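All chains are named by letter (A, B, ...) in the order of the sequence lines, taking the proteins before the strands, and each is independently numbered beginning at 1. Remember, it's a predicted structure, so these values are computed and weren't measured experimentally. Just so you know, these numbers use all the heavy atoms, side chains as well, and skip hydrogens, waters and symmetry mates.
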There are 2 protein chains.
Amino acid sequence: MRPTPRAETFPVNTPAASQVFTTVLSQGPLARLEVARRAGLSPAAVTKAVRPLIEAGYLVEDADEAARPALGRPANLVRVDGGRALFIGVKVTGDEIIGVLTDLCCRIRVARHVPLPDRAPKVVLASIADLVKELLAEADGAQARTQDQDPVPVLGLGIAVSGDVDRGEGTVRYSPFLEWRDVPLAELAAMTTGLPVTVDNDVRALTVAEQWFGAGAGLSDFAVVTVGAGIGCGLVVHGRVVAGAHGVAGEIGHVTVDPAGRLCHCGNRGCVEAIAGEAAIVRQIREATGVELADAAEAVALAHRGVAGAREVYARAGEAIGRGIATVANLLGPERVIISGEGLAAYDLFAEQIREAFVAAAFGSAAQCDVLTRPLPFEEWARGAAATAIQSFIRADV
Amino acid sequence: MRPTPRAETFPVNTPAASQVFTTVLSQGPLARLEVARRAGLSPAAVTKAVRPLIEAGYLVEDADEAARPALGRPANLVRVDGGRALFIGVKVTGDEIIGVLTDLCCRIRVARHVPLPDRAPKVVLASIADLVKELLAEADGAQARTQDQDPVPVLGLGIAVSGDVDRGEGTVRYSPFLEWRDVPLAELAAMTTGLPVTVDNDVRALTVAEQWFGAGAGLSDFAVVTVGAGIGCGLVVHGRVVAGAHGVAGEIGHVTVDPAGRLCHCGNRGCVEAIAGEAAIVRQIREATGVELADAAEAVALAHRGVAGAREVYARAGEAIGRGIATVANLLGPERVIISGEGLAAYDLFAEQIREAFVAAAFGSAAQCDVLTRPLPFEEWARGAAATAIQSFIRADV
DNA sequence: AGGGGTTCTTTTCCGTCGTCAATAAAAGAA
DNA sequence: TTCTTTTATTGACGACGGAAAAGAACCCCT
């Protein structure tokens with residue numbers, strides 16, 4: 001059985017060390033000098049910050065013979081030892097819970113889905129506890145097979161929930177999806193699992209994952225747009241994820257793109273989500289073609305078969321998304337916008353419209369913003385939760 | 001004659017001292033302990049930071065007898081000595097230049113408008129030089145009258161220009177209004193005036209003024225929306241003004257609120273500016289009523305007289321602005337939105353529509369965002385430029 | 001008048017952190 | 001071998017900010 005986790009803490013908590021670690025974590029193996037440049041520190045500071053991290057096993061040296069320079073001493077690359085620690089990320093949706101076991105580099109080791117019979121906090125909490133137990137057992141199993149000396153510790157649990165979440169407090173203030181209000185989830189989950197728990201909004205968690213381990217690595221200003229059941233948006237400004245003064249931020253889904261458009265569940269007309277959300281697309285295709293659709297997959301299939309009405313619905317959805325992205329670009333001027341989410345399964349159906357609408361509605365050099373897609377698996381959300389746990393562990397200022 | 005300005009520099013440049021100074025500057029007279037609380041520092045650090053600043057004359061002690069507590073030692077309030085230094089702020093518009101002489105607290109001492117005969121960089125530069133000379137003479141005049149010992153030094157010149165401005169470089173990358181491209185304005189103006197020069201985008205400059213000396217004081221996330229010839233928006237996120245990766249940010253004027261709306265000069269349809277910009281309003285009223293209008297003032301007058309068509313145009317403008325503000329609130333979740341600009345002369349004509357549209361389009365608790373108006377004089381833009389100069393002088397990280 | 005209580009301010013000490021400048025190390029080139 | 005070039009490390013140093021305790025100013029109560 002896995003021993004009660006020691007309260008292992010990150011060996012350093014100075015600004016410089018934290019910055020060095022996150023730089024190495026997110027920007028791959030780097031020479032110390034290069035780390036110094038990117039983190040804005042002196043080489044000496046990097047050396048001094050790296051040493052205790054290597055001693056503690058979080059970083060390892062890693063000379064690469066490939067990129068050896070023609071001249072001068074070759075660099076001693078430093079990288080994070082992913083196998084040094086494990087984390088668990090959990091994403092709670094309306095009807096299932098997805099959990100992943102990741103290493104310190106946030107690479108997914110194991111993924112599990114469990115159905116959620118009920119949305120009451122107690123039930124969800126019990127399901128999370130079961131899932132965590134299962135993932136811990138999995139971690140132990142891997143342990144036993146490799147016969148390592150020291151057991152790899154699981155150092156944190158991140159939980160991602162949609163809605164208004166106070167990460168600092170670890171509470172879910174209001175989640176319309178789960179019908180929760182003021183649930184101190186971090187505290188509860190810490191009690192049942194014995195792990196340090198971080199709770200954050202799901203889109204923000206995904207954004208953290210992109211910021212550190214994805215297409216946002218090294219950027220100080222970018223946006224993540226998720227296309228799926230809802231349309232969400234995570235924003236990174238000045239290198240930090242935007243949380244919003246009142247818990248609301250990145251609600252691109254409820255940006256109005258057509259005031260005469262259809263009614264959205266938020267009460268407004270012509271929100272991006274009311275045009276390009278999964279439910280909206282299914283409904284519109286049903287209305288346009290008369291075909292009864294069970295889910296979004298069937299809608300995609302129909303459109304792929306070239307049914308005109310269906311294709312048009314997707315085209316309009318793409319236009320709405322492109323406009324929404326242009327709005328973000330006009331307001332914030334990000335370096336990059338990353339489109340992701342399970343809705344990308346239909347990406348070929350609206351890729352062109354997104355781009356066209358974006359370019360048309362982007363003002364001036366905002367159109368230079370780099371828009372790219374990342375077809376990420378659904379576990380990515382849970383991975384985002386794990387990323388928040390990693391972030392909390394290394395005490396990076398959020 | 002005014003002597004060649006000595007290269008006076010701010011006596012401290014540690015993060016703590018900078019933070020202490022900006023806290024006192026923007027949040028009025030404060031007790032040291034209170035400064036410590038607000039700046040997140042120890043009381044000792046504040047004492048140590050304050051001393052050299054008092055010695056250099058930038059801060060002064062200022063006991064207030066009024067708010068004496070019932071118990072304990074009364075606080076020794078600390079405030080910025082506005083009279084310690086002067087700054088000049090200049091705002092360049094299409095047809096005139098506005099200059100102000102301010103003190104260190106950014107209070108306007110003198111304001112001057114001069115017409116701009118031509119928009120060529122050389123002409124503009126010469127006009128700026130003349131205006132600065134005039135303001136410097138004014139400063140000397142005041143000097144002579146008060147018979148002070150030490151002449152109050154003018155420590156910086158801030159220039160605000162609309163368009164894509166690189167503040168770090170001090171260059172105007174592209175200003176459609178002036179038809180400038182890559183003009184190294186800071187360098188040029190520094191040569192002709194002999195003052196340290198800061199160049200920034202006009203809306204951002206105004207936002208800095210609000211952040212430090214206006215309704216944004218002490219807030220870390222807010223937006224400034226300017227209503228006038230154009231519709232602009234300055235954003236402060238995480239306590240810093242958003243500049244945008246490509247020089248574009250806060251382009252609320254080109255957020256689409258009605259894709260079927262009228263054509264905007266940016267090439268799109270239904271931008272906020274195409275509905276609520278000054279030119280758009282004048283044109284719409286002309287179309288609706290058939291009355292030929294010379295300028296916006298006449299449009300306002302017409303609407304105030306209760307002419308139905310004119311009122312409706314303003315109502316639609318208010319709706320567009322309200323939607324634009326809601327978009328900002330949905331995306332960023334600011335604590336406050338400050339509406340300003342010369343368009344506020346007509347505020348009573350669309351106040352209600354702004355509020356209604358904002359509340360309707362704001363998602364969830366984004367509607368809690370505090371929306372207020374600040375009827376600021378036109379010199380306020382120049383004051384913003386002075387604020388950027390002050391900011392540069394005290395080396396606050398922008 | 002003289003404590004006692006309360007709050008603000010300052011002092012002193014100290015750990016720590018990051019830079020500077022010099023030095024060591026690891027190559028290939030001459 | 002020795003020089004050049006680039007990377008990494010060392011050790012001294014200065015400075016900064018925090019903790020804790022003392023000091024200061026004031027009111028109130030006895």
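Side-chain N or O atoms of A:Ser18 include none that pairs as donor or acceptor with a backbone N or O of A:Pro15 at under 3.5 Å. For the pair B:Arg32 (side chain) and B:Val78 (backbone), a donor-acceptor distance under 3.5 Å is absent. In this structure, A:Asp221 contributes its side chain and A:His238 its backbone to a donor-acceptor pair below 3.5 Å.
Protein atom CG of B:Asn13 is 14 Å distant from nucleotide atom P of C:dT19, rounded to whole Å. Distance, A:Glu61 CD to D:dT9 C1': 12 Å, rounded to whole Å. The interatomic distance linking B:Gln19 (CD) with D:dG17 (C1') rounds to 12 Å, in whole Å. A:Lys48 has its NZ atom 11 Å from the P atom of D:dA12, to the nearest Å. Summarising the geometry, the separation between CZ on B:Arg32 and C1' on C:dT7 is reported as 14 Å, rounded to the nearest angstrom.
Residue contacts shown for A:Thr14 are limited to sugar-phosphate atoms, with no base heavy atom under 4.0 Å away. Residue A:Ala44 is classed as a base contact, given a heavy-atom separation below 4.0 Å to a base. Contact annotation for B:Ala45: backbone-only contact, meaning every heavy-atom pair under 4.0 Å involves sugar-phosphate atoms and none involves a base. In this structure, B:Arg37 reaches neither bases nor backbone, as no heavy-atom distance under 4.0 Å exists between it and the strands shown. Among the heavy atoms of the strands lying under 4.0 Å from B:Leu33 is at least one base atom, whether or not backbone atoms are also near.
You'll find that the side chain of A:Leu41 is closest to C:dT19, out of D:dT9, C:dT19, C:dC8. Among the nucleotides D:dG18, D:dA8, C:dG18, the one closest to the side chain of A:Ala31 is D:dA8.
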Next on the checklist: Please determine whether salt bridge (Lys or Arg N to Asp or Glu O under 4.0 Å) holds for the pair B:Arg84 and B:Glu8, giving the CA-CA distance in whole Å, both sets of side-chain angles, and the decisive distance to 0.1 Å.
Outcome noted: CA-CA 12 Å; B:Arg84 173 65 178 77; B:Glu8 179 171 339; 2.7 Å; yes
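Look at A:Glu55 and A:Arg51 and you find no salt bridge, because none of the NZ, NE, NH1 or NH2 atoms lies under 4.0 Å from a carboxylate O.
Taking 3.5 Å as the limit, the base of C:dC8 and the side chain of B:Arg73 contain a donor-acceptor pair of atoms between them.
Under the Watson-Crick or G-U wobble criterion, with both distances below 3.5 Å, C:dA30 is paired with D:dT1.
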